[in-house]
Structure formats: structure tokens, C-alpha cells
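Chain A is the first sequence line, chain B the second, and so forth, proteins listed ahead of strands; every chain is numbered from 1.
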Amino acid sequence: MASQLFKKILVANRSEIAVRVMRGCKALGIPTVAVYSEADAHSKHRMIADQSVLIGPPSPRESYLNIERIISAARETGCDALHPGYGFLAENPLLPKACKEAGIVFIGPGADAMRLLGNKVESRVKMADAGVPLIPGMKGSSADIAQFEKAAESAGYPVIIKAAAGGGGKGMRIVREESQLADALAAARREAMNAFGDDTVYLEKYLSDPRHIEFQVLADHHGHCVHLFERECSIQRRHQTIIEETPSTALTDELRARMGADAVRVAQAAGYTNAGTVEFLLDKSGKYYFLEMNTRIQVEHPITEMVVGVDLVVEQIKVAAGLPLGDHLKKLSQRGHAIECRIYAEDGENNFMPSIGTIVHYSEPEGPGIRVDSGIMAGMDIGIHYDPIMAKLIVHAPDRSTAIAKMTDALEQYKILGVKTSRRFMIEVLNHPEFVAGRTYTSFIDDHMSARATGSDGHVALAAAVASAVAAAPVKVSSGGSRKSSVSPWESVGAWQIGDTIGE
Amino acid sequence: MASQLFKKILVANRSEIAVRVMRGCKALGIPTVAVYSEADAHSKHRMIADQSVLIGPPSPRESYLNIERIISAARETGCDALHPGYGFLAENPLLPKACKEAGIVFIGPGADAMRLLGNKVESRVKMADAGVPLIPGMKGSSADIAQFEKAAESAGYPVIIKAAAGGGGKGMRIVREESQLADALAAARREAMNAFGDDTVYLEKYLSDPRHIEFQVLADHHGHCVHLFERECSIQRRHQTIIEETPSTALTDELRARMGADAVRVAQAAGYTNAGTVEFLLDKSGKYYFLEMNTRIQVEHPITEMVVGVDLVVEQIKVAAGLPLGDHLKKLSQRGHAIECRIYAEDGENNFMPSIGTIVHYSEPEGPGIRVDSGIMAGMDIGIHYDPIMAKLIVHAPDRSTAIAKMTDALEQYKILGVKTSRRFMIEVLNHPEFVAGRTYTSFIDDHMSARATGSDGHVALAAAVASAVAAAPVKVSSGGSRKSSVSPWESVGAWQIGDTIGE
Amino acid sequence: MNKYQFICGSGKLDTSVEKSGQGWRVTIGESVYEIDPIHNGLFAIANGERRLFAAGVKHKGIYYIDLGRVQLELTEASDAASIGVADEQHKVKDKVFAPMPGRVVKVLVSVCDEVKERQQLIIVEAMKMENPVSAPAAGKVKAIHFAQGDQVDTESPLVELELP
Amino acid sequence: MNKYQFICGSGKLDTSVEKSGQGWRVTIGESVYEIDPIHNGLFAIANGERRLFAAGVKHKGIYYIDLGRVQLELTEASDAASIGVADEQHKVKDKVFAPMPGRVVKVLVSVCDEVKERQQLIIVEAMKMENPVSAPAAGKVKAIHFAQGDQVDTESPLVELELP
């Protein structure tokens with residue numbers, strides 16, 4: 001049975017993705033081990049693991065990026081497999097290498113495929129050879145600014161600078177004229193170094209208003225590779241998606257089939273195994289270009305799971321255990337429409353400025369077709385050490401307009417207090433006539449959302465009314481018992497336990 | 001767009017099904033009106049509705065069964081449609097009749113089809129004519145015990161007495177020998193009168209160890225009728241299911257196709273529209289018999305939604321609005337495996353004795369493929385007035401063994417304190433070797449679960465450790481501010497707000 | 001350090017609690033449990049390598065504890081008397097109570113009947129179901145306080161038995 | 001009946017609260033809100049026909065309120081001074097603070113520079129992102145208290161401006 005796949009799996013990550021991976025392990029009956037930094041002693045991913053190991057101080061370099069410490073945690077606890085999640089070490093080829101040396105199965109691609117695809121420069125060359133369409137730009141990187149200037153001129157401004165080791169918008173800069181090039185190059189290198197420990201960057205033509213379309217692929221160790229259709233990730237701020245959906249409104253069945261076939265071609269050209277994502281840009285004329293392949297489970301994988309009906313983490317584990325792709329992966333279809341909203345600790349009313357603080361209230365939305373993948377709980381501190389993603393809200397509905405209505409309802413139901421989020425901003429994006437019409441592209445937010453009204457005067461009276469009820473609610477302290485201090489959370493709150501008189 | 005279907009929908013029910021129906025309305029952008037009894041002023045279904053109307057005292061007869069009051073609530077609030085949920089008036093033909101007279105669309109079948117199918121005796125005759133296989137038994141009911149004795153003799157003991165207006169195990173009695181017949185008849189009549197206001201009962205042959213298999217059907221007002229595959233509801237206590245799953249391990253594709261076609265035949269013979277469920281008993285030889293058709297949305301509808309990928313409440317509303325069945329309903333397939341566990345307020349360790357009390361802690365399980373349809377919140381009182389169903393836990397996974405593991409995990413994650421439930425009992429059923437092997441039938445619990453050990457000695461020390469932490473946690477009362485009583489829930493609890501000293 | 005004595009069923013357990021980081025260290029005999037309160041009654045427990053997610057709440061003197069698979073109710077020995085909880089072994093078995101408020105739909109025994117342990121005595125209807133009330137021990141029916149049709153609560157005994 | 005005065009942004013609101021059933025009736029001007037506490041900071045609000053589900057919590061003197069689409073933070077006027085919250089219209093705009101602790105990766109202005117409202121002054125890296133810190137109003141840079149590479153918190157001003 002399934003429980004024989006692995007004895008125990010170490011999840012080398014934190015927050016929502018660590019929690020989600022552990023749920024996949026549980027569904028296969030496999031015990032899990034969490035690793036955590038000193039800042040995460042009270043984190044949700046630690047709480048739900050069967051075991052946990054402290055791996056170091058808050059700084060990622062000394063904890064979640066510390067390969068040696070993570071491998072030894074896996075050894076100490078008797079793990080025979082390791083899942084990297086996304087971010088941190090997920091796309092660092094040294095991790096699968098270290099796993100191999102330690103006799104631990106890495107749940108992800110091999111180090112060679114990861115190294116190739118992780119280098120955006122090398123992989124461009126490889127994919128050009130495989131006949132996959134590419135955006136015009138530099139063939140390789142360079143330390144010389146003159147090379148960048150030349151390439152920019154030949155591709156034509158605007159151009160974009162990207163980190164070779166990059167992803168998620170970090171180390172990325174759009175350059176609209178030559179005078180900005182030097183500054184942008186320096187900033188991109190600095191960010192790339194901070195984010196990936198590697199400041200190699202390259203340059204491409206910047207497409208105007210493209211859609212970002214990616215294909216999920218899954219490849220086993222027996223030569224089978226399938227794609228699980230597309231995700232559209234066009235709604236971006238800071239070059240990072242905040243709303244994803246599938247199916248894309250831009251794809252015809254014919255275009256979907258061609259792009260899917262190219263996605264499989266990319267994976268096969270790279271000798272890829274396990275789950276991965278092939279990213280394309282799609283321009284207005286229906287031409288598409290290979291952007292990069294992400295060699296990890298993606299933040300937005302749940303929308304594929306809901307529409308295609310697979311559990312990608314379960315499939316990752318099965319592939320890593322050496323099983324061939326199951327029959328259910330050979331007759332895949334898309335059913336209904338799914339949308340994901342990323343819940344970051346950031347202020348949607350103030351330029352997405354990161355927000356830190358304590359979560360003083362937390363309650364999740366619920367209902368059919370609503371899924372929350374979260375890494376937080378009431379009482380947690382959101383600090384400065386890690387990526388500000390707190391949770392992902394995913395809805396699935398029969399069609400796109402129902403999915404939009406359901407997501408709107410779910411975002412309104414979702415209560416998070418103490419740190420700021422972009423919930424209101426995302427509700428407004430989802431209900432913007434251009435979004436409803438399916439006309440999404442990567443500059444959507446800049447073009448359509450910058451002039452939005454953010455007033456809330458109509459709500460202040462309502463808020464004051466609720467605050468009054470909060471202020472008026474008296475404490476009920478336990479009356480009996482020998483220990484006057486024994487008041488459980490329950491005894492101090494609750495609609496049915498309010499005293500007869502108010503305050504003073 | 002979808003929001004044009006109805007102006008406003010009144011949900012003539014309470015608890016989890018009222019909540020779930022309202023979620024379906026929200027997904028279509030339709031505002032909802034809750035009705036509630038005096039006992040339900042703080043109920044969840046009232047809280048999430050856009051409007052609510054008090055319809056009477058706690059007694060169902062004076063509130064949720066009061067057609068006149070419900071219709072006038074719909075009129076007062078400007079509703080143009082009404083959804084009955086399940087139970088209460090859901091299968092009472094007087095409700096669609098009253099709706100029609102008031103110019104309100106009833107979201108369910110027509111009164112005639114409902115009346116026919118609601119009468120188990122008449123519908124048996126009709127379905128016999130339509131060529132649907134039936135269990136041997138009485139052709140009609142009778143007030144005369146001699147008729148029951150005669151029918152029992154001809155069918156052969158054991159026999160079963162059922163309420164003509166029945167469903168859900170109420171007014172049902174198995175009779176193994178003639179000497180028990182009179183008592184059983186009286187008890188069944190009494191229960192039927194209490195539950196349905198009609199004490200008509202009839203008698204059938206009792207099949208030994210059958211499986212209970214039902215088919216979901218959906219029929220529009222344009223002559224289209226489809227089935228959405230089966231649900232197996234064999235795990236029963238008190239003749240009422242507590243665990244349901246789909247697909248059934250007992251059906252081959254061929255048998256599934258035959259039964260599905262017969263289900264559609266039943267619906268068509270009855271002139272049925274909207275969502276309904278055709279119930280069959282399946283014996284060990286693969287023979288199946290029509291049992292009854294339920295003319296409502298079923299408690300267990302979510303497992304169909306997860307495996308077939310439809311939203312049945314959304315489809316019900318569309319059908320009621322006069323739309324033809326959508327194209328997505330014409331190419332249906334089953335994907336993965338779903339299980340539902342019903343969370344009743346009853347003691348799984350003590351013969352499923354109903355349990356009343358206040359819910360002093362409530363936290364729901366979460367994760368991919370886990371769905372909770374609940375009608376409760378922390379702080380609610382579970383009283384004696386209504387059916388003790390509190391929530392339904394549904395999981396969806398690629399295959400049956402993964403679904404069992406996921407449900408086990410979800411039941412363990414699900415925390416409900418203050419009233420008893422059968423969570424532990426259900427975990428043990430799900431992991432019983434006979435269940436794992438798929439050998440389920442209606443007497444499964446009697447045969448396999450009666451000798452289970454229910455000790456918990458190994459857990460007492462753990463429980464005492466947690467209790468110690470509860471006892472030791474001091475209150476932190478707000479220190480500042482002008483109002484000494486202003487302590488929010490937050491300020492008295494939380495891992496990060498514990499004082500420095502303990503107790504006394 | 002705080003010390004508690006808890007009663008669970010027929011057993012008693014002594015615990016001692018001290019603060020440990022942001023949570024508690026509880027010692028019971030040889031076993032040590034590290035307990036982190038999370039929020040709103042949820043706790044993470046570590047006992048050696050084992051970790052568990054639990055819920056615990058005190059309500060009207062009873063500690064309700066959910067350990068995932070098993071739910072238990074405990075009382076503090078010092079509270080037990082005042083809130084009317086007796087040790088299991090001393091529980092009075094000669095009075096039979098309804099499990100919940102409801103209506104008597106059938107009385108199955110008469111005064112002076114000899115009854116066996118678990119024999120059904122009375123059927124109470126509540127929550128739309130018929131719930132049998134059984135004898136907690138073998139004995140002889142001494143008194144029946146309600147008749148068919150009566151509304152009953154959980155406070156007054158339905159039946160009194162004379163135990164052998 | 002209790003009376004409160006709340007500050008939200010630049011506005012002030014007077015409310016009066018009285019008990020109503022199991023919840024509260026709040027009056028603000030002509031409007032009446034019926035508020036039912038549910039549990040753990042959740043509230044159901046009715047204002048005439050409208051119903052709304054909200055969350056509200058007081059934490060360190062601030063009332064955090066979630067109304068579904070909109071989240072707001074309020075303070076009681078009587079608390080405002082003691083917890084250091086000033087009315088919006090009197091907010092000091094001549095000191096610029098970091099929005100969160102982090103590291104200065106770039107200083108974009110020099111002392112004596114004239115800056116426009118919203119002009120970027122300093123870039124602080126935190127949470128793996130570069131976050132620009134902008135001028136709250138037009139003015140002249142009077143002092144810069146941190147240099148590239150410095151760790152900064154949210155308590156000490158990064159930049160001081162001379163407002164016209």
C-alpha cells in the first residue's frame with residue numbers, strides 16, 4: 001500500500017508550503033519531520049509535523065538555507081526522503097546532491113536538470129536547440145555593461161534584466177531607455193545576490209502587455225512525461241503574481257495543445273523528472289515564448305489540483321519513490337474554473353508595503369469549493385525574516401463568473417487582523433470589468449488599479465459600532481476552584497457567556 | 001449573467017444545509033434570507049444570511065414546519081424563490097403548492113412528482129409498471145395487522161416495516177419473527193407520526209447484508225435527465241448512514257451503467273424535475289432493487305460534487321430558474337474517491353446516544369481535498385429540538401486508500417468539545433480491515449464494530465498533561481485604559497501573551 | 001511549580017507544571033510533556049519524539065480534552081466535590097436518569113420487576129429519536145417517577161432501583 | 001449605557017452602547033446597530049435590513065476591525081494620548097520612519113536636497129524585498145540618520161525634513 005513508499009519524510013521548508021506538503025504525506029500515511037528556526041518555534045508547520053528539529057537562528061542562511069544542518073536533521077530522525085517545498089533551497093542543485101550522498105531520496109528533479117534549468121542563460125541555449133520559441137535577447141550573461149547595452153539596442157527598448165538564478169520577480173528590472181540601464185543593472189545584481197547568492201543577470205526584450213501562462217508538467221523515471229494544462233499568472237505586482245487562475249481565457253484548445261506539447265518538450269530536453277512548471281509569455285497576437293522552467297512545486301499549484309483533479313504533492317512523492325505515472329494521469333481533463341489569491345502580509349492600500357505584526361484575529365472562509373492553504377494561526381508574529389506569504393485562498397467553481405463570485409465571498413469571509421493584507425485590493429481586481437471580461441496581462445494592476453479610490457468613510461461608523469461592542473464586552477473570570485488564575489480561553493469570551501451588566 | 005436568475009432566495013431550513021445552500025446562492029450572486037426559530041437566534045445559518053426572519057418558537061411545528069409563516073417571510077422580504085434544504089418541509093408537497101400560489105419559485109421538484117414519490121406505496125406500483133426491479137413485499141399499506149402478517153409470511157421473515165412518508169431510518173423496524181410484529185408495527189407508526197405527521201407504514205422483505213447504493217439525478221424542465229453516478233451509503237447505525245462514499249467498490253462499469261439508466265427511468269416515470277436521489281439495495285449476487293426516490297438535496301450530496309465536479313445546489317437553482325442542463329452535465333465522469341463522515345451530536349462510545357450541551361471548543365480540519373459543511377460554531381448550544389447533525393466532513397483523494405488516510409487525519413484534526421461525537425468510532429470503522437477491503441454492507445456496524453475496545457487508558461496521562469496546561473494558564477487582564485472591563489478575547493489568551501509567573 | 005490532581009473515570013493522576021519557554025513542562029510520574037499553547041484552546045504537545053495537536057478547555061469545572069482520536073473529560077480532585085462529580089467507583093447506580101431532556105414514550109417495566117444490567121427500562125424521545133434508558137446494574141425496580149407522555153429533564157431520577 | 005469616542009484616521013465618532021438580548025445595541029447619530037458577539041472576536045451586525053459578519057479585537061490599545069471588504073483600525077479618544085496615537089491632521093510629517101525593521105540598501109537624497117511629496121528618499125530591504133521610503137510631504141532634507149548598510153528599526157527617524 002501507499003504507506004510503503006517512504007518511511008519518513010523531512011520537509012525542508014516553513015509556513016504554508018511545509019504544511020501543505022505534510023498534508024500530502026499524511027494522505028499517503030507517511031510520517032513527517034519539520035525543521036524550524038528559532039523564530040519559528042511556534043509556527044504552524046512545526047505544530048502539525050510528527051516530529052521537529054531546530055536547525056538554527058532566524059536568519060535563513062543559518063537555518064532554512066543550511067544544507068548541512070538540514071541533511072543531518074534528516075539523518076537524526078531516520079528520514080529516507082526530503083521535500084524542499086518552494087523557495088529557500090528548492091532550486092539549489094546542491095540539495096539533491098547532498099541528499100544523494102546521504103542516501104536520502106530528494107523529492108524533486110535530479111541535480112543536473114535543476115542546474116541546467118536554474119541557469120536561465122544555459123537553458124535558453126538548450127531550448128533554442130530543442131526548437132522551443134524564445135524571446136529575443138542576450139545569448140549568455142556578461143560582466144561587461146557594454147554587452148548589455150549592445151543587446152538592448154539589438155532587441156530594442158524596452159528591455160528587461162533578469163537574474164540568471166532568479167524567479168519570483170527578484171533581481172528583475174525593466175529598462176525603458178539607455179540612460180537607466182546602468183542603475184537598473186546594479187539594482188538587479190544587488191537583489192539577485194541577496195535573494196539567490198548569485199548576481200549573474202541577463203537581458204531580454206521586454207514584451208508589452210503579455211500574458212504570463214505556465215504549464216504544469218509531471219515526469220516519472222520511466223520516460224513518461226505529461227502536462228496538466230495551464231495556469232495564467234498575469235495579475236502581478238512587483239513582478240510577482242498575486243492572483244492566478246486556470247483555465248486561461250486566452251487559450252483556444254489548439255493553442256493549449258501546442259503550448260502543452262512544447263512544455264513537455266522543454267521537460268524532456270532537460271531530462272526532467274518529478275513536478276515542474278514551464279513558463280511562457282503569450283503576446284497579443286497569440287505568439288508565445290519560453291521564459292523559464294521552475295524546478296519545484298509552485299505557489300499556485302492548487303488551482304491545477306482543483307481543475308485537473310490530482311494531488312501534485314502525492315504525485316511528486318510517488319514519482320520520487322520510483323513509481324511510473326498512474327493511469328489517471330494519462331486521461332487528464334480540465335473541469336470548471338479555479339482562482340488563487342495569495343494572502344501576503346502587505347498593505348494593499350499602500351503600494352503593497354510589507355506589514356509586520358501579531359495576528360490578533362484569524363478566521364478562515366469555508367464552504368464548498370473553497371480551499372485555504374495557510375501557514376499561520378491566531379497569535380503568530382509575522383516578522384521580517386521570511387517571505388511575507390501567509391496563506392493562499394483557492395476557489396473552484398463550475399465556470400469563471402461563479403469562481404469570481406465565490407472568491408469575492410471567500411475574501412470577505414476571510415478575517416485577518418493585526419497585519420495588513422491585500423484582500424480588498426484583490427476583490428477590486430476580481431470585480432474590475434476588464435478582469436471579468438478576461439482581459440488580463442502582466443501590467444494589469446499598473447494600468448487599471450492605480451487610480452482606484454481607497455476611501456472607507458462609509459465603513460467607519462460600522463467599524464465604530466463593532467469596536468463599541470468589543471469595548472463593552474465584560475470579562476467573566478472563573479468564580480470557583482482553588483486556583484483563581486484558572487481561566488480558560490473559553491471562560492473569558494463567547495456570546496453565551498456575557499454578564500448581565502456592562503462595564504463600570 | 002448568473003445574478004439574474006433570482007432576485008433573492010429564502011432558505012427554509014437551518015444548520016449545515018441552510019449554510020451550504022446559502023453558499024451556493026452567494027456563488028451565483030443571489031442574496032439570501034434565513035428563517036430561524038427562537039432557539040436559533042445565534043445560529044450560524046442566520047449569521048451568514050443577508051437577511052433573517054424570526055418564524056416562531058423552538059418547536060418545529062411552530063417554526064420550520066410552519067408553511068404559512070415561511071411563505072409570508074418570503075413575501076415580506078421580497079424573495080422570488082425558496083430552497084427547502086433536506087428534512088422539515090423538504091418533501092412535503094404542500095410547500096411547492098404554497099409557493100406556487102404565492103408566486104414564488106420552489107427550488108425542487110413539482111408537487112405532483114413529490115407527492116407520488118413521497119408515498120412509498122404508490123411509487124412502488126408506479127415503478128413496477130416502469131419495469132424497475134422492486135423488493136418483494138406489500139403492494140399497498142393497511143390499517144389491518146392481518147394484512148401485515150400475511151405479507152410478512154409471503155415475503156418470508158425477516159421483514160422490514162417502513163413509514164410510507166419516511167426516510168432517514170425514522171419509523172423503520174426490522175422484524176425477525178411473527179411474535180415481534182405487533183410491537184414493531186406500533187413503534188414504527190408512533191415514530192412515523194412524530195417524524196412526518198403521517199403514521200402510514202408498509203412492509204417489505206428484509207434483505208440480508210445488502211449494500212445501499214443511490215444514484216444522484218438531475219432533470220430540467222426541458223425533458224433532459226442525467227444521473228451523476230452513485231453514492232454508497234452502507235455504513236449505517238439506527239438505519240441511518242454515518243459514512244458515505246463514491247465510487248462504490250461494488251459496482252462494475254456495466255452494473256453502474258445499468259443502475260444509472262434505471263435511476264433516470266425512475267425520475268422520468270415520475271415526471272421529476274430538479275435534483276433527486278434514486279435509492280437501490282444491491283444484494284451479494286449483484287441484483288439490485290429500487291427502494292425509493294428522495295425528492296430533495298441529500299445530506300451526502302457533497303461526495304458527488306467532489307468526484308463528479310459539479311455544484312448541485314448551483315445546478316438546482318439554475319434548473320428552477322428554467323435553464324436547460326448545461327453542456328458540462330452531458331459529459332460527466334467520476335474522478336478520484338470521496339468519503340463523507342456525518343458529525344452528529346451523539347456518543348459513539350455509548351450506542352450513539354444523542355448528546356446535548358454547549359460547544360466549548362470548535363476547530364475544523366483543513367487541507368487540500370478536505371471540506372467541512374458545518375452548521376455550528378464555538379459557543380453554540382446543541383439542544384433537543386432538532387436533528388443532532390452538526391456538520392459533515394468530506395474528503396476527496398485520488399484513490400480510496402488515500403481518501404481513507406486523509407479522512408482519518410481530518411477526523412483527528414477536527415476538534416469538538418462540549419458535546420460527544422462519533423469521530424473515534426468512525427476512524428475505527430474506516431480503518432477496519434473489512435472496510436479497507438471495500439466489503440461494506442448495511443449491517444457492517446452490528447457485525448464488525450460491536451466488540452470493539454473503547455478503553456482510553458493510554459491517553460489519560462496525555463489528557464491530564466493538557467489539562468494541567470489549561471489549569472496553569474493565567475489570565476492577562478488589560479491594564480490600561482479608562483474602562484477596566486475592556487478585555488477583548490485576544491487579551492486573555494494566546495501563546496505569546498502568557499505572563500511570567502504561574503498561578504496563585 | 002504548580003501541582004494538580006485530576007480525576008478521569010476511576011483513575012487519579014498527579015501532575016506538576018512549570019513554565020518552560022513560552023509554554024509549560026508537565027511531569028506525570030516518569031513522563032515529561034512539553035506543552036505549547038497555540039491559541040484559543042489549542043495546544044501542541046511533545047513527549048520525547050512524539051508530537052500531538054490537542055484541544056483543551058475548562059468549562060463549568062470540567063476539563064474537556066481532545067487528543068485527536070480520543071476525547072476525555074477530567075476534573076480536578078479539589079473541584080470534584082463542589083461540582084458534584086463523584087469517583088466512578090462510588091457512582092450511585094440505584095437512580096436512573098434520562099440522558100437528555102425529552103418525553104417519555106414508553107415505560108417498559110413495573111415497580112417490583114427484577115431487571116438485569118443494561119435492560120431497557122424507559123424510552124425517552126428527544127431529537128426526533130427514541131432513546132432507550134437502561135438499568136446501570138441488576139436490581140429490583142423500587143419506584144418509577146414518570147409516566148408515558150411526561151416531559152423529563154436530566155436532574156430528577158426516572159427510576160429508582162434496589163440493588164442487591 | 002456606555003459612551004465611547006473613537007478616532008479613525010482624521011475622524012471622530014461618538015457611540016453609545018446598551019445591552020440588547022444576548023448582544024449589544026450601538027447608537028451612532030441616527031443609526032442603530034444590533035451586534036451579536038459570536039465567539040472569539042466574531043460579530044454579527046444588523047443595521048436595519050442589512051446584515052454583516054465582522055471581526056473585532058482590541059490589542060495594545062488599538063481596535064482592529066474587519067468588515068469583510070474593509071479593515072480599519074480605531075482608538076478610543078481617551079486612550080489615544082497614552083498609546084501615542086495622534087489625530088491624523090496633527091501627525092508630524094517632518095520625520096520619516098522606516099515602515100518595518102530592515103537594512104538600508106540605498107540612500108537616494110542628500111542633506112539640503114529639496115524633495116517633492118512621495119519622492120523616494122531611502123530604500124530599506126526587509127522580507128527579501130527592497131522597500132522605498134518616500135517623503136510624506138514636500139520639503140528640504142534637514143538630516144539623514146542612517147547610511148547604506150545600517151540596520152534600522154521603526155522607532156528612530158531615518159530622515160528629517162524641513163517643511164515649508
Side-chain angles (χ1 to χ4, degrees), chain A residues 60 170 187 190-191 194-195 238 345-347 350-351 353-356 358 360-361 363 378 383-388 411-418 420-421 423-424 427 456-473 489 493-496 498 500-504, chain D residues 1-2 4 6 8-9 11 13-19 22-24 26 28-29 31 33 35-43 45 47 52-60 62-74 76 99-102 105-106 125-132:
Chain A
K170 277 149 200 155
R190 202 166 50 232
E191 247 183 56
N194 277 328
R238 301 173 189 270
E346 65 181 20
D347 188 356
N350 181 19
N351 206 27
M353 191 70 83
S355 173
I356 59 170
T358 301
V360 297
H361 177 90
S363 46
I384 57 163
H385 300 296
Y386 310 113
D387 190 271
L411 283 165
E412 291 188 356
Q413 277 189 60
Y414 205 165
K415 312 282 188 220
I416 305 171
L417 290 174
K420 308 220 185 272
T421 69
R423 280 171 291 154
R424 180 183 179 181
I427 289 172
S456 51
D457 291 351
H459 295 91
V460 173
L462 264 174
V466 179
S468 302
V470 173
V493 285
W496 289 262
I498 287 171
D500 292 315
T501 53
I502 298 185
E504 305 185 306
Chain D
M1 186 175 295
N2 276 3
Y4 300 93
F6 289 101
C8 181
L13 269 171
D14 291 293
T15 73
S16 66
V17 186
E18 56 190 321
K19 199 144 171 38
Q22 293 177 311
W24 314 100
V26 181
I28 303 177
S31 301
Y33 303 86
I35 302 196
D36 274 323
I38 300 168
H39 68 100
N40 196 29
L42 288 174
F43 296 85
I45 315 169
N47 171 219
L52 188 82
F53 220 14
V57 161
K58 185 182 183 185
H59 181 63
K60 294 188 179 165
I62 296 172
Y63 290 83
Y64 294 87
I65 310 295
D66 190 319
L67 298 171
R69 197 160 291 203
V70 176
Q71 292 79 43
L72 292 168
E73 295 175 14
L74 286 74
E76 274 184 79
M100 76 221 62
V105 292
K106 197 150 194 192
E125 194 207 51
M127 296 165 115
K128 290 171 47 193
M129 274 179 290
E130 298 195 352
N131 306 289

Quick one: which of D:Asp14, D:Val105, D:Leu13, D:Val70 has the most heavy-atom pairs under 4.5 Å with chain A, could you say?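 That would be D:Val70.
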Could you tell me whether the side chain of A:Arg190 reaches within less than 4.5 Å of the side chain of D:Glu125, counting heavy atoms only?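 No, every pair of side-chain atoms sits at 4.5 Å or beyond.
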Any idea which heavy atoms bring [X] and [Y] closest together, and the distance?
{"X": "A:Ala463", "Y": "D:Leu72", "result": "CB-CD1, 3.7 Å"}
{"X": "A:Ala464", "Y": "D:Leu74", "result": "CA-CD2, 3.6 Å"}
{"X": "D:Ile35", "Y": "A:Ala469", "result": "CG2-CB, 3.7 Å"}
{"X": "A:Ala461", "Y": "D:Ile28", "result": "O-CD1, 3.2 Å"}

Only counting residues at least two apart or in another chain, list the ones meeting side chain to side chain contact (heavy atoms under 4.5 Å, CB included) with D:Ala55.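 Per chain and number, D:Ala55 pairs via side chain to side chain contact (heavy atoms under 4.5 Å, CB included) with A:His361, A:Lys415, A:Leu417, D:Leu42, D:Asp66.
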Partner set under side chain to side chain contact (heavy atoms under 4.5 Å, CB included) for D:Leu52, not counting sequence neighbours: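 By the side chain to side chain contact (heavy atoms under 4.5 Å, CB included) rule, D:Leu52 matches A:Leu462, D:Ile45, D:Leu67.
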Do you know which of D:Tyr33, D:Phe43, D:Tyr63 makes side-chain contact (heavy atoms from CB on, under 4.5 Å) with A:Val466?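 Single side-chain contact (heavy atoms from CB on, under 4.5 Å) partner of A:Val466 among D:Tyr33, D:Phe43, D:Tyr63: D:Phe43.
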In Å and rounded to the nearest 0.5 Å, what is the CD1 to CD distance from A:Ile416 to D:Gln71?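 The CD atom of D:Gln71 is 8.5 Å from CD1 of A:Ile416, to the nearest 0.5 Å.
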Is it the side chain or the backbone of A:Ser468 that comes within 4.5 Å of chain D heavy atoms, both, or neither?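 Its backbone and side chain both get close to chain D.
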Counting only non-hydrogen atoms closer than 4.5 Å, does A:Arg424 touch chain D with its backbone (N, CA, C, O), its side chain (CB onward), both, or neither?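 Both parts, backbone and side chain.
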